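Here's the structure we're looking at; comments come further down.
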Amino acid sequence: MTTTERATPGQRAPRAITVRVNGEEIEGAVEPRTHLADFLREKAQLTGTHTSCHQGPCGACTVLVDGQSARSCLTLAVQADGAEITTVEGIADGSRLSLLQQAFIEHFGFQCGYCTPGMVVIGAEILAEAAAGAVFTRDDLRVRLSANLCRCTGYIGIVNAVEAALAAQARGESA
Amino acid sequence: MTAAEQITPDQRRLVGSRVPNRNGERFVRGAGRYTSDIHLPREATMALLRSPHARARIIEIDTSAAAALDGVYAIATGAELFDRIGPHGYLWDLPGQKVGSGRPLAHGEVRHVGEPLVAVVARDQYVAEDAVELIRVEYELLSPVNTPAQSLADNAPVLHPDWGDNVQVVATWPVEIPGLPTPPDPTQALAGAHLTVRETWTSSRITAASMEARAVVCDYAPGPALTLYTSTQAPHIVREEVGRMLGVAEHRIRVIAPHVGGAFGMKGVFYPEEALVPYFAMLLRRPVRWVEQRDESFVADTPSRAQEMDLEVGFDVDGRIVGLRARYSIDLGSAPSSCGAGTGWATGALLPGPYAVPAVDIVATGVVTDKSPLGAYRGFGQPEANFPLERTLDIAARQLGLDPAEIRRRNLVPAASMPFVTATGSVLDSGDYTEMLELMLARPSYQAALAERDAGRAAGRVLGLGLAMYNENTNFGPSGILPLIGVSTGGWDTASVRIEPDGTVRVVSSQTPMGQGIETAYAQAAADEFGVPLDAVTVAFGDTDSSHFTGYASGASRAAGIGGSSVLMAAGKVREKMRAIAAHLLEAAVDDVELTAGGLRVAGSGMDPMPLATVAKAAYQGGNLPEGMEPGLVAEAGYDPPGMAFSYGAVAALVEIGPETGTVRVRRLIFGHDCGTQLNPAIVEHQVIGGAVQGIGAALSEMLPYDEHGQPFARSFADYLLPQATDVPEIDLFHTEHPTPFTLNGAKGVGESGVIAAPSAIVNAIQDALPAGAAPITSIPVLPERVLAGLRGCRA
């Protein structure tokens with residue numbers, strides 16, 4: 001959380017919201033200034049969504065809001081009232097990792113693991129678009145993944161992982 | 001018995017293979033546990049008021065409005081804490097160095113933007129930040145000291161009045177060692193040189209920018225008993241510092257480094273917040289947390305580099321170096337961190353790099369300025385040495401009419417001269433530098449890069465190819481040497497190995513993983529030592545209650561070689577004990593018993609191996625053991641290397657310049673690398689690539705500039721430009737393997753290799769792309785305006 005304008009007590013009155021997170025309804029009373037990342041991490045207790053910059057550039061906190069990637073640190077929790085959120089914890093199908101998650105492991109798409117949740121979520125969005133007919137070259141993937149920062153890997157393992165997962169998905173493999 | 005005598009090659013199947021990182025499933029599921037993920041009942045949150053001024057006297061601090069805010073539990077200023085929290089210590093304690101107050105909060109004066117001066121503890125982050133905003137401070141503004149030149153000028157304000165001047169430390173080479181011949185003086189050699197090249201080189205202040213910012217969470221129990229979770233590379237150093245600063249005995253403090261979200265040396269430094277959080281936990285008798293915000297990180301994390309070097313190198317008519325003189329400053333910021341001027345020391349000690357330099361005259365001066373204190377960052381002084389020398393070689397080659405590869409070939413330390421003592425006193429342990437250069441030149445990708453450059457130029461594009469070589473000081477030790485070079489701790493490392501009652505293996509390491517994959521590499525080693533599958537091994541780490549004391553901890557590329565050797569030693573002790581127990585149970589001679597895949601057996605007997613679990617059961621039951629043997633099956637071992645080990649390599653970069661914009665695109669990066677034995681080639685590969693890409697950032701975009709008022713320009717990732725996925729070329733990486741004789745596994749370190757020479761190769765390539773008469777580029781990062789100036793043929 002970066003320093004925000006202090007609000008008057010009235011503006012700070014908590015509001016009740018209901019958000020579907022990974023298929024489960026989460027209710028909570030939040031101050032209007034509470035951002036979605038804090039709501040997910042603290043109210044829903046899903047700490048997989050990491051925050052790194054709270055300013056937008058890094059993408060570590062990326063989640064899907066109604067299927068579209070969004071910075072959860074730049075989204076207010078009250079904006080997500082009634083929305084369907086997918087976090088990194090919702091990508092796997094129970095005990096089965098997704099193709100993309102398997103590819104991240106196989107291709108060394110992480111080192112410290114901190115940016116990984118955001119990368120996995122944006123990768124899932126890319127795979128969903130590909131499943132709907134979009135085509136991605138390797139350069140397209142670089143452009144798309146440049147939404148998120150990684151300091152450890154130099155990105156090559158990440159690009160390789162998403163590319164491999166796309167190929168596996170195109171071959172009709174399932175997780 | 002050495003490990004090699006007992007395990008046959010077919011059993012040694014995991015070390016050397018590309019085993020996936022064992023954290024994979026945790027991390028891709030978001031199930032990592034980083035410090036900020038840890039919440040404790042009744043926890044309070046700390047936030048800090050940081051100085052908005054570079055240099056000012058604190059006249060008055062009014063915390064009354066903040067204290068009155070609902071949900072504020074405690075507030076303290078530097079003056080109030082001065083006698084309650086003592087000064088921090090110094091891992092790097094160079095002879096004659098001066099130090100600041102070492103207190104976590106400023107008192108009297110603030111000396112850099114971002115220096116903490118008031119701590120607030122409140123119900124949560126939101127309230128704590130609200131309270132910080134209500135604190136009123138009256139300052140008397142003072143003129144800041146912005147640069148080393150200003151700091152050293154006559155009549156410069158003295159930052160620390162008791163110092164007398166702004167010089168923190170001076171180090172010189174060569175070093176006179178009693179009993180050894182007086183080292184040669186390069187004065188005559190330089191005077192008689194066929195060619196001397198002299199320039200002033202700048203490596204800008206940059207920062208590690210780990211994706212996980214720092215965080216500290218402290219639990220409290222009466223006693224006191226403190227459990228401190230912190231994102232650090234060095235839990236034992238944190239415990240030692242917290243104990244001394246707060247006056248709490250070390251056995252009452254437990255420090256845990258959970259998953260660490262990137263560190264790169266930056267988290268090897270002790271920080272003020274690591275003392276403040278436990279202080280307030282004890283004061284309030286409740287858990288306290290502090291999570292660094294990104295804008296804070298740009299002023300509160302220790303940056304690195306920040307050197308300016310006047311380098312003069314003399315060459316003979318054949319292009320061989322005859323001598324070297326260097327005068328350089330290290331901009332330490334407002335006061336030395338626990339890392340002191342360590343990086344600056346490393347620059348001087350390692351300035352000759354992989355080249356045979358017969359004589360040196362080096363003076364390094366650490367100075368204080370009104371900026372955030374300098375610390376460690378991947379490369380630790382070596383990129384600052386590599387950039388001036390590798391650029392100088394290219395300039396000399398051009399003036400002598402030599403190919404850049406040829407001038408390097410003529411100066412590399414020959415393989416036959418290893419081990420080689422450099423003019424600065426380092427011992428290069430092993431390797432074949434010339435072979436590395438020749439492999440690079442013969443590499444198809446290198447040939448393709450040359451052809452691409454020439455074809456592109458013919459088509460009117462602006463392309464350049466650059467080459468650089470380096471070596472990397474790794475396996476930092478031994479303990480007998482470290483005090484002589486200003487390091488206050490030991491250079492050994494330790495591990496224990498325990499066979500659990502069910503026959504599985506538990507390794508406890510004192511090294512701290514931070515993404516480099518050591519828990520995977522250690523599991524591979526231990527699995528091989530006992531002939532068990534990888535899944536039968538657990539590696540624990542990062543907890544002072546279980547990890548044994550280590551001095552230097554994780555840093556200085558020590559994990560694979562030194563930490564890895566301690567795992568082998570501990571495993572060897574346990575294997576010996578298992579053989580003795582098995583011999584007793586089998587009624588055989590110990591010498592006839594071997595440990596093989598699946599257990600222990602009498603060699604050549606054809607018997608089914610006795611499972612490890614059977615031996616373990618006997619060891620833990622205790623009633624049927626060889627005469628006099630202690631029950632149990634655990635051993636600890638500490639490995640102190642007899643010498644440091646030098647990894648090395650060659651880097652080539654092909655760059656293309658946008659002639660209208662001055663932007664530089666790295667089109668190809670070719671990287672030849674040798675770190676001795678590779679415990680896990682995939683880990684090595686990704687360490688090198690990750691480092692090289694950090695080198696792209698250092699070469700082209702990363703810097704922490706300050707204005708004339710000492711205000712930092714970079715406070716976010718929108719100002720501080722890390723490489724993005726679109727900035728990274730395809731990388732052709734190749735390896736040779738010359739094991740070091742100074743570790744049990746032959747491994748040298750790999751953590752810092754990638755970052756050392758990549759900037760030099762890229763800048764050499766940019767220079768190659770510019771018109772022949774363009775002034776030399778002498779500063780990194782190379783921003784587009786500098787490139788445009790070069791294209792126009794004038795000096796920026």
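Residue numbering restarts at 1 for every chain, and letters A, B, ... go by the order of the sequence lines. Just so we're clear, the structure is a prediction, and the values are computed from it rather than from any experiment.
- Ranked by heavy-atom pairs shorter than 4.5 Å toward chain A, the options B/Asn23, B/Ile731, B/Thr726, B/Ile689 are led by B/Thr726.
- In A/Glu24, the CD atom is not crowded: 12 or fewer heavy atoms of neighbouring residues, nucleotides or ligands sit closer than 6.0 Å.
- With hydrogens and angles disregarded, a donor-acceptor distance shorter than 3.5 Å links the side chain of A/Arg142 to the backbone of B/Ala725.
- In this structure, the separation between SG on A/Cys112 and CZ on B/Phe264 is 6.0 Å, given to the nearest 0.5 Å.
- Contact check for B/Asn21 versus A/Ile105: no side-chain heavy atoms found under the 4.5 Å cut-off.
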*For A/Tyr114 and B/Ser210, what are the C-alpha separation, side-chain angles and deciding distance, and is it a side chain to side chain contact (heavy atoms under 4.5 Å, CB included)?*
CA-CA 9 Å; A/Tyr114 199 79; B/Ser210 58; over 6 Å; no

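- Between chain B and the residues A/Asp139, A/Thr49, A/Leu46, A/Val88, the most heavy-atom pairs under 4.5 angstrom are made by A/Val88.
- By the 4.5 Å heavy-atom criterion applied to side chains, B/Phe717 and A/Gln55 are not counted as neighbours.
- Residue contact with chain B, scored on non-hydrogen atoms closer than 4.5 Å, is absent for A/Ile91.
- Comparing B/Glu292, B/Gln724, B/Met211 by heavy-atom pairs within less than 4.5 Å of chain A, the highest count is held by B/Met211.
- Among B/Ala208, B/Ala31, B/Pro513, the residue with the largest count of heavy-atom pairs under 4.5 Å with chain A is B/Ala208.
- Taking chain B as the reference chain and counting heavy-atom pairs below 4.5 Å, the highest number among A/Glu106, A/Glu42, A/Met119 is found for A/Glu42.
- B/Gln687 and A/Gln111 share a side-chain donor-acceptor pair at under 3.5 Å.
- The aromatic rings of B/His686 and A/Phe108 lie parallel to each other, their planes meeting at an angle below 30°, with 60° marking the opposite boundary.
- The residue among A/Ile156, A/Leu145, A/Val143 with the most heavy atom pairs within less than 4.5 Å of chain B is A/Ile156.
- Note on A/Arg144, A/Glu89, A/Arg41: by heavy-atom pairs under 4.5 Å with chain B, the leading option is A/Arg41.
- A 4.5 Å side-chain heavy-atom check between A/Thr47 and B/Arg33 finds at least one atom pair inside the cut-off.
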*Report the C-alpha distance between A/Leu97 and B/Arg29 in whole Å, list the side-chain angles of each, state the deciding distance to 0.1 Å, and finish with yes or no for side chain to side chain contact (heavy atoms under 4.5 Å, CB included).*
CA-CA 8 Å; A/Leu97 294 179; B/Arg29 284 180 177 275; 3.5 Å; yes

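- In terms of heavy-atom pairs under 4.5 angstrom with chain A, the leader among B/Gly697, B/Gly262, B/Gly690 is B/Gly690.
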_Pair A/Arg151, B/Glu702 - check salt bridge (Lys or Arg N to Asp or Glu O under 4.0 Å), show working._
CA-CA 13 Å; A/Arg151 190 55 157 167; B/Glu702 293 180 36; 2.8 Å; yes

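- With respect to chain B, the highest number of heavy-atom pairs below 4.5 Å among A/Gly48, A/Ala92, A/Pro57, A/Ser52 belongs to A/Ser52.
- Of the N and O atoms on the side chains of B/Asp727 and A/Tyr155, not one donor lies less than 3.5 Å from an acceptor on the other residue.
- Residue A/Ser98: no heavy atom, backbone or side chain, is found under 4.5 Å from chain B.
- In terms of heavy-atom pairs under 4.5 angstrom with chain A, the leader among B/Gly754, B/Ala209, B/Ala263, B/Gly517 is B/Ala209.
- Per-residue heavy-atom pair counts under 4.5 Å with chain A were compared for B/Leu722, B/Val132, B/Asp37, B/Val693, and the maximum is reached by B/Asp37.
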